[in-house]
Number of protein chains: 2
Amino acid sequence: MSVLVVGSIALDDVKTPKEARTNLLGGSASYAAVSASFFSPVQLVGIVGHDFPQEHVDLFEKRQIDLAGLQRAEGPNFRWSGEYMDNMNNRETLSIALNVFEDFTPDLPDSYKQADYVLLGNIAPSLQLHVLNQLESASLTIADTMDLWIDIARAELDELVKKVDVLILNDGEAAEYTGESNAVVAGKKILAMGPKYVVVKKGEHGALLFGEDEFFTCGAFPLEEVVDPTGAGDTFAGGFTGYLASLGKSEPSVNDLRKAVMWGTVMASFNVEHFSADGISHLDKSRIDERAELFRRMCAVE
Amino acid sequence: MSVLVVGSIALDDVKTPKEARTNLLGGSASYAAVSASFFSPVQLVGIVGHDFPQEHVDLFEKRQIDLAGLQRAEGPNFRWSGEYMDNMNNRETLSIALNVFEDFTPDLPDSYKQADYVLLGNIAPSLQLHVLNQLESASLTIADTMDLWIDIARAELDELVKKVDVLILNDGEAAEYTGESNAVVAGKKILAMGPKYVVVKKGEHGALLFGEDEFFTCGAFPLEEVVDPTGAGDTFAGGFTGYLASLGKSEPSVNDLRKAVMWGTVMASFNVEHFSADGISHLDKSRIDERAELFRRMCAVE
């Protein structure tokens with residue numbers, strides 16, 4: 001089954017303690033779409049400006065991503081600039097220029113409306129809801145979010161959380177959203193708000209999956225160096241959704257969800273090894289499968 | 001096979017954001033010995049003062065712990081006082097009174113010298129080395145440590161690390177010991193110093209096991225509330241060692257070590273649910289087995 005991915009498509013300037021890079025491919029939809037494309041056909045919804053480099057469009061096409069929903073506008077592209085401090089665990093946003101994204105309305109091409117698996121990447125909850133409202137019969141809807149929307153768009157986020165099947169967020173966001181610093185309590189509180197499943201990502205400490213009578217704890221793939229964490233969460237969500245869609249089920253099982261957390265983890269581990277989406281854009285499925293098998297063995301007890 | 005446990009036996013005053021308790025049973029050997037006793041016969045080496053309450057000795061006896069190595073001195077017992085801040089992740093030591101512990105030399109009774117499994121609980125590395133030097137033919141030696149010894153007794157700690165089979169420490173200590181904030185790099189660095197295995201504990205985020213060509217990542221048992229984290233690491237080490245000894249092997253396999261991490265995790269989860277050792281002292285094996293099975297299912301992917 002195919003995956004509909006909506007989110008931002010950005011040009012990023014990223015500074016880490018070791019290096020600074022400018023004009024990189026970024027944005028939640030970019031990472032998620034490329035990541036999902038290794039598992040399932042992907043339909044992309046997003047907007048780019050006149051200055052969006054053709055090489056990034058080429059990447060989407062190389063990954064056979066359906067671009068019927070890619071809007072091209074006259075103005076300059078959405079831009080984000082950020083800096084990572086210390087051991088990559090703290091990030092500061094230096095600047096945001098919404099540009100063409102300011103007037104973005106994610107209207108779906110007709111060919112997208114019957115999407116089975118839908119990943120609402122990290123954008124304003126109002127836009128995520130707009131996509132939800134155009135869907136005719138999705139099997140599974142998955143939303144990612146971030147602290148910004150908890151701060152400035154909580155009412156819309158609450159509405160979204162009620163309607164999606166899976167909410168993905170990180171531990172800091174779960175704490176902020178619920179007022180609970182204990183990740184187990186926070187995850188259960190969000191679950192009670194409506195989703196069938198909640199995934200709480202913990203970066204280098206892995207991820208937790210919550211469902212009704214379901215709790216799964218999964219470590220992270222061990223990495224000795226993180227080059228650029230940008231997009232790790234989006235890449236996780238893309239791998240998670242792409243894997244589930246690849247199963248072709250109208251309703252994935254709890255065990256499918258657990259495996260999806262592991263595939264998302266593996267995809268995110270590739271992503272943070274390089275700047276931008278470079279860690280995932282040149283992968284082939286055999287390298288992914290190889291790392292996934294290694295990771296499976298790292299987590300297994302006989 | 002039996003487990004020899006050496007460490008401190010303390011009387012603790014503990015303050016958490018919710019409650020303060022005084023005169024509690026504490027100390028690395030107390031937690032470790034009680035925890036290990038659910039899996040294997042335990043031989044205890046430690047020292048208590050004239051004011052050490054009989055009820056705690058009764059607990060050791062109830063757990064059928066061999067007290068031939070328990071020294072009783074005239075002076076007052078070793079005392080520790082600490083306070084937990086915020087969400088239990090930060091601890092401050094308010095006071096330490098070594099008292100009878102100041103002159104403690106862990107001489108082994110003859111009946112202990114052929115111990116197969118030896119847990120060198122958290123005490124000065126020089127004392128841990130003194131125990132090591134009295135052993136005749138241990139199958140597996142396991143040492144726990146803490147930041148204090150990294151600060152003030154690094155040379156002795158280095159010597160100990162060279163000689164033991166397994167070193168257990170937490171992520172903050174691993175970072176301090178190696179100067180590496182990345183837990184994967186830190187774990188490998190310590191492994192290169194001599195032990196066959198290194199366990200890096202990460203509290204609510206679980207634990208990592210390092211060995212030659214071996215990496216295992218294990219989550220924590222999910223708890224909605226932590227009442228008192230004191231002794232969690234010692235309880236982990238006790239469960240870890242007790243389980244391994246219960247297998248009766250002269251050399252446990254990598255998979256045995258993985259399971260030991262899980263049993264240690266389960267024991268620690270009981271411990272932090274109550275003050276002092278109350279969370280583990282009244283357990284029975286069926287409750288432990290039940291939680292272990294639940295935890296196994298929380299970590300498993302079919």
Side-chain angles (χ1 to χ4, degrees), chain A residues 17 86-89 171 175 179-189 200-211 213-226 243 253-263 265 269 272 292-302, chain B residues 17 86-89 171 175 179-189 200-211 213-226 243 253-263 265 269 272 292-302:
Chain A
D86 312 326
N87 54 354
M88 300 287 190
N89 286 330
D171 48 356
E180 289 286 351
S181 62
N182 179 307
V184 179
V185 179
K188 288 188 176 179
K189 270 201 167 182
V200 176
K201 295 167 296 174
K202 305 194 294 174
E204 63 177 313
H205 300 304
L208 308 176
L209 171 70
F210 299 84
D213 300 323
E214 164 65 6
F215 176 85
F216 172 56
T217 171
C218 178
F221 185 83
L223 292 175
E224 300 198 14
E225 195 189 358
V226 169
Y243 169 74
S253 72
V254 162
N255 196 58
D256 296 334
L257 270 283
R258 289 180 174 214
K259 282 187 176 171
V261 169
M262 296 186 74
W263 285 103
T265 298
S269 76
V272 303
E293 174 55 20
L294 187 61
F295 185 49
R296 192 193 64 71
R297 278 188 269 126
M298 286 173 174
C299 300
V301 174
E302 279 153 32
Chain B
D86 312 325
N87 54 354
M88 301 287 191
N89 287 329
D171 47 357
E180 288 286 351
S181 62
N182 179 306
V184 179
V185 179
K188 288 189 176 177
K189 269 200 167 183
V200 176
K201 297 167 295 174
K202 305 194 295 173
E204 63 177 313
H205 300 305
L208 308 176
L209 171 70
F210 299 84
D213 299 323
E214 163 67 5
F215 176 85
F216 173 56
T217 171
C218 178
F221 185 82
L223 292 175
E224 300 197 14
E225 197 190 354
V226 169
Y243 169 74
S253 71
V254 163
N255 196 57
D256 296 334
L257 269 283
R258 290 180 173 212
K259 282 187 176 170
V261 169
M262 297 187 74
W263 284 103
T265 298
S269 76
V272 302
E293 173 56 21
L294 185 61
F295 185 49
R296 193 193 62 72
R297 278 187 269 125
M298 286 173 173
C299 301
V301 173
E302 279 154 30

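To find a chain, count down the sequence lines: A is the first, B the second, and so on, and within it residues start at 1.
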Reported [atom1]-to-[atom2] distance for the pair [X] and [Y], which is rounded to 0.5 angstrom:
X: Glu302(B); Y: Asp256(A); atom1: CD; atom2: CG; result: 10.0 Å
X: Met262(A); Y: Leu209(A); atom1: CE; atom2: CG; result: 12.5 Å
X: Asp171(A); Y: His205(B); atom1: CG; atom2: NE2; result: 6.5 Å

Notebook entry, point to check: Can you say whether Leu223(B) sits under 4.5 Å from chain A via the side chain, the backbone, both, or neither, judging by heavy atoms?
Noted result: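 The backbone, not the side chain.
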
Next item on the list: Tell me, for Arg296(B) versus chain A, whether the close heavy atoms (under 4.5 Å) come from the side chain, the backbone, both or neither.
Entry: neither

Next item on the list: Could you tell me which residues satisfy side-chain hydrogen bond (donor to acceptor under 3.5 Å, both in side chains) with Lys188(A), sequence neighbours excluded, listed by chain and number?
Entry: Glu224(B)

Next item on the list: Determine the minimum heavy-atom distance between Tyr243(B) and Ala260(B), stating which atoms define it.
Entry: CD2-CA, 3.6 Å

Note to self: If you compare all heavy atoms of Ala175(A) against all heavy atoms of Ser181(A), which two are closest, and at what distance to 0.1 Å?
What the structure shows: CB-CA, 4.2 Å

Notebook entry, point to check: Would a 4.5 Å heavy-atom cut-off, applied to side chains only, mark Leu208(B) and Lys202(B) as touching?
Noted result: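 Counting from C-beta outward, Leu208(B) and Lys202(B) do come under 4.5 Å.
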
Next item on the list: Using a cut-off of under 4.5 Å on heavy-atom pairs, state which of Val261(B), Val226(B), Val301(B) scores highest against chain A.
Entry: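 The residue among Val261(B), Val226(B), Val301(B) with the greatest pair count is Val301(B).
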
Note to self: Counting only non-hydrogen atoms closer than 4.5 Å, can you tell me which residues of residues 214-221 of chain B sit against chain A?
What the structure shows: Phe215(B), Phe216(B), Thr217(B), Gly219(B), Ala220(B)

